[in-house]
Each structure stands twice: as structure tokens, then as C-alpha cells.
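This is a predicted model, so every value here is computed, not measured. Labels below follow one simple rule: chain letters A, B, ... track the order of the sequence lines, proteins then strands, and each chain is numbered from 1. Heavy atoms only: backbone and side chains are in, while hydrogens, waters and symmetry mates are out.
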There are 2 protein chains.
Amino acid sequence: MASLDRIDRRILMELQQDGRITNAELAQRVGLPPTSMSDRMRRLQKQGYIKGFKAVLDPEQIGLGLLVFIEVSLDKTTPDNFQKFASAVRKQPEVLECHMVAGGFDYLVKARLHDMARYRVFLSEVLLSLPGVKETRSYPVIEEVKDEGILPL
Amino acid sequence: MASLDRIDRRILMELQQDGRITNAELAQRVGLPPTSMSDRMRRLQKQGYIKGFKAVLDPEQIGLGLLVFIEVSLDKTTPDNFQKFASAVRKQPEVLECHMVAGGFDYLVKARLHDMARYRVFLSEVLLSLPGVKETRSYPVIEEVKDEGILPL
DNA sequence: ATTGAAATCACTCATGG
DNA sequence: CCATGAGTGATTTCAAT
């Protein structure tokens, strides 16, 4: 149905590193005529390999210097708390990611805040005030060792 | 020196949602002449607000259906293990993120793999074989509730 | 900071091999 | 899948207000 050849992988890799590369330049890099390049781009988007393009901002520069991970445990007695929690957390702009996990807790939340003072407010007013939240553990990030959004191909 | 006005914020928001929007279209949306738009774009990049642009791929589609978070504890007796660990982990393509955290463990690693079989190999051959790694705890993701790379402005 | 005009560049779409 | 050319639209640069 939809398998990727070597050239497709090259294209996706280049686009992950520079999402604004022009069709002509990209075609030249992978050794394809520009018109064939356009075809592949359209196909890769239509088949769902490429979900979109976005600018990558510097969190520090826009005043979001604090990165925090929070482990959240829910009260298991009422199962629809899971839905409520999920839908509430999706609306919070400070929450960049939220994943339901298997293991010692229920959700892992990744959030960016201005500083610890704002985080304290966020934790008590937002996270802890959601229904069914039993317990949270916070892990402030000391150093971001690696953070690319580049998937291996 | 470098503060953001309302229009800058609009621009950054639009670019986070569509990194391939044309200068003309973006100018129209925020109500600016195209040439002024170009100026702002250049300034926002030069000042470091915009670090770059990238394509967002679908992990499932390219065969990376398993998302795992791993808590890593290091042996604290030899401090340069931290550097060794960090530099080794930066080279692993499966590792999308790695953060040094404050709290009950030392590093939080986010990795995407094909499946559990590949993860088992990755855990034993890569993570556990790094010098100084004392203990790891793995949390496979059951459901990705939220995962945008969009920073609030 | 905006406007306008001109030159360059890139993309698309048609044809074809 | 590749090549070519015409037509369209975008970007950049320059000037001027």
C-alpha cells in the first residue's frame, strides 16, 4: 500500500531538519527533478507520513525557562475520571504533552512554565484541583540533554 | 532589547501551527504589509525566537508505534559518568529526548521504538550497558493524550 | 513603519519522452 | 518516472514617503 523507499526516507529526513527547504533545493539534494519532487511531497502528505510543518521556538527566549515532568496518579474507583482528566489536561496550554502510561502511575505530564512560582500555582490550581487526582510527583528539569523532534528513519 | 509585541506573538503562533505559510498569507492574517512581514520574520529569527522549521511526521506511519519513557539512575560515585551518559545518549537516534531532573532519579529518557521486542534489545544493549547506569524504570505509553509541540504565547 | 515597482526565484500544470 | 516550457504567484530589494 504505502512503503517508503530510500529516497522517501531522505526526503523525510531533510524535511525534519529544514521544514522550509524549497522544492527545488530538496530535489537537488536527493538527486531528483523538481517535478518528481513535487509528486513525492504530495504523496507523502496525502498518505499521512507528513502531518504538517511548524516553527520551532526557543522556550527560554519566550519566557518559559522551566521544564517540568509530573507523574500523576488517579483515584481508580471512578473510571470516567480518566476521561475527565484527559480532556481537562488537553485544554491547558502549559501542558505540552500528556501520556497515559503503564507502570507505577497513570499519566506523565510535560509542562513548560515561566518559573517555580508559576509552577506552584499551576500545580495546585490546575493539576491538583482536577477531580480524581490522588497524587502527583514533580521532576523539574535541571539540564536538557537532548530535545530534537527528529524521528529516526 | 528584544520584547515581543502583540503582532509578534500572533506571528509566532501562526508559524507554530503552519510553518510553511507563505509570507504573503501570514502578512494578510495579521494585517501587515508583506514587506513589513519579511522584516519581522528576519528579526524573530536573528533574535533567536525562531530556532528553525521542521516537518512533523506520524510516528505510527513510519513504524515507530511504541513510545516509552525511562527513568535512569546513575551510580553517583564517579561524577564524570554524567558526561559520558549524556554524550552517549545524544547519539542514539531512538532517544527523542533526555533530561537531567531533580528528584528521585537522574535522567528521564523519551524513546520511540518499533515494538517491545526492539525495546528489550534497546534497553539491555544500549541503556543498561552504558557505564554508571545503576537502575532504570520503564513506562510504556498506553495512550498519547496530548502531544503538540506548541508553546503558549 | 509603510507603500510601490521591478527583478528574481519557485511552484504548478500542461505537454511530452 | 523523467524532461521541458509557459504561466502564475511569491520573495526580495530598492526606492521613496
(message) Assess, by modelled atom type and distance only, whether the side chains of B:Ser73 and B:Asp106 contain a donor and an acceptor separated by less than 3.5 Å.
(response) no
(request) Indicate if A:Leu15 and A:Leu32 have the same hydrophobic cluster label, given that clusters are the connected sets of ILVMFWY residues with side-chain heavy-atom separations under 4.5 angstrom. (result) yes
(message) With heavy atoms of chain B within less than 4.0 Å as the criterion, where does contact along DNA chain C begin and end?
(response) C:dT2 to C:dT3
(message) To the closest 0.5 Å, what do you measure between CE (B:Met116) and OG (B:Ser138)?
(response) 8.0 Å
(request) Check whether A:Ile70 and A:Leu130 end up in the same hydrophobic cluster, where Ile, Leu, Val, Met, Phe, Trp and Tyr are linked by side-chain heavy atoms less than 4.5 Å apart. (result) yes
(message) Counting primed atoms plus P, OP1 and OP2 as sugar-phosphate and everything else as base, spell out the protein contacts along nucleotides 2-17 of chain D at 4.0 Å heavy-atom distance: B, S or - for each nucleotide, 5' to 3'.
(response) SBB-----SSS-----
(request) Nearest 0.5 Å please: distance from the CG atom of A:Leu96 over to the CD1 atom of B:Ile150. (result) 10.0 Å
(message) I need the B:Glu97 CD to B:Phe69 CZ distance, nearest 0.5 Å.
(response) 6.5 Å
(message) Suppose we call two aromatic rings close when their centres sit under 6.0 Å apart. Are A:Tyr107 and A:His99 close by that rule?
(response) no
